[in-house]
Amino acid sequence: MPRPLVAEVDLGALRHNLQRVRDLAPNAKVLAVVKANAYGHGMEACALALESDGYALLSLDEARTLRELGVTRPILLLEGLFGPEDLKGLRETRAMPVIHHQEQLRMLEMSDLPPPGRVFLKVDSGMHRLGFAPADAADALRRLQQVQGISEIVLMSHYACADEPDGTREAVRRMEELRGWQAGLAILPSSFGNSAALLAGQAFGRGRAVPVGDWVRPGIMLYGASPMAGISAASLDLKPVMRLRSQLISVRQVAAGEGIGYGATFRSDTPIRIGIVACGYADGYPRHAPTGTPVQVAGRITRLLGRVSMDMLCVDLTAIAEAQVGAPVELFGPDLPVDEIALAAGTIPYEILTGIARRVPVTLIGDHGST
Ligand SMILES: *Cc1c(COP(=O)(O)O)cnc(C)c1O
């Protein structure tokens, strides 16, 4: 029998979450963000299952993988070109680059190769990570317009604080100012919305909806986790796509006062019945999840005990007398939101999902779909 730890990926839930994006932005084209192996869910299967209008990812290798699978829809490279030689790869994959820096503009201008047909011109609206400063945007646009062969330019920006109420106010002001005084920029199609921006109206009230543009770029919400700390995925009508499930591989009684796990960081005052679960930090479960982090065993919520080790973790079975070796365990999933595990471990669901190790086999459920 294989090790019982499995990441079950529900493609029906994935499609439900895409429909949520469509409902929230009915006129926008949806670029499903499938970077980081589709946030740990498996890029190939997720891309094929999603009837989005295109995909967003990071590398030409990922773009090639999708093309080899027969994907014909647009693919956006979120960090654009890394060197002039990437122009060849862009041609081969027909991927669209983000152009966020002078160096990348120069690569387009200097190349003998025909440029990509559509490029995304990224402007920094306050995050100060990637993008042209607003004052340089009009000049960058002019230069892009002079590159023969580029037929469409999309004005792009990324919100730094869309997960907070009114967190986008300053960014929106900067983009509006830009579009107000620069006629050329004002008429470009746009791409602003990530998951938090798409969900802001629902999370914080209708009046708090923020501009998402003509091309939206949802990531985390497609996978059924909430981008907003303290606002549950269920309240946003998102369905968890991954169920990380395993089994108890050992059950034992431990005397009062005995330490449990590395460092004996947990000791019970009373005799305690514990279970050992086949799942550890080398599988991607957060090592910093403390005693008390919820775990579901045999359909009941209990708590983690002591330190998470590389391949195993320990749970309290005091109140689950019937749980024996082989009892089913859900580390997170439809019955136990990953957001709760993230909160307990002092991180965000993004980090947990993208950190699920390749050694954890993925099982697909729901219809598999095709391109
Ligand atoms: C990762 C990423 C997204 C998706 O963000 P979510 O919060 O997961 O929706 C969108 N746009 C850019 C530029 C990104 O890097």
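As the structure lists them, so they are numbered: ligands from 1, and atoms in each ligand from 1.
Proximity of F204 to V210: side-chain heavy atoms (C-beta onward) are nowhere separated by under 4.5 Å. Contact annotation: the side chain of I341 never approaches that of L331 to less than 4.5 Å [non-hydrogen atoms, C-beta and beyond]. Residues D166 and R169 have side chains in contact (heavy-atom distance under 4.5 Å, counting atoms from C-beta outward).
Geometrically, ligand 1 and A196 share no nitrogen or oxygen pair separated by less than 3.5 Å. Considering backbone and side-chain N/O of L78, none are found under 3.5 Å from N/O of ligand 1.
Every atom of ligand 1 is numbered from 1 in the order shown, and the set under 4.0 Å from a heavy atom of K35 is 1 (C), 2 (C), 3 (C), 14 (C), 15 (O). Within the listing of ligand 1, atoms 1 (C), 4 (C), 5 (O), 6 (P), 8 (O) sit less than 4.0 angstrom from a heavy atom of Y39. Interface atoms of ligand 1 facing I220, defined by a heavy-atom separation under 4.0 Å, are 6 (P), 8 (O), 9 (O).
Checked by atom type and distance alone, the side chain of T302 never pairs as donor or acceptor with a backbone atom of L317 at under 3.5 Å.
Remark: the H100 side chain and the R129 side chain contain no N/O donor-acceptor pair separated by less than 3.5 Å.
Among all non-hydrogen protein atoms, the one lying nearest atom 9 (O) of ligand 1 is S195 OG, 2.5 Å. If you check which protein heavy atom lies closest to atom 7 (O) of ligand 1, you get Y350 OH, 2.7 Å. For atom 10 (C) of ligand 1, the closest non-hydrogen atom of the protein is R217 O, 3.3 Å.
Test V147, L185, L141 against I153 for side-chain contact (heavy atoms from CB on, under 4.5 Å) and you get one pass: L141.
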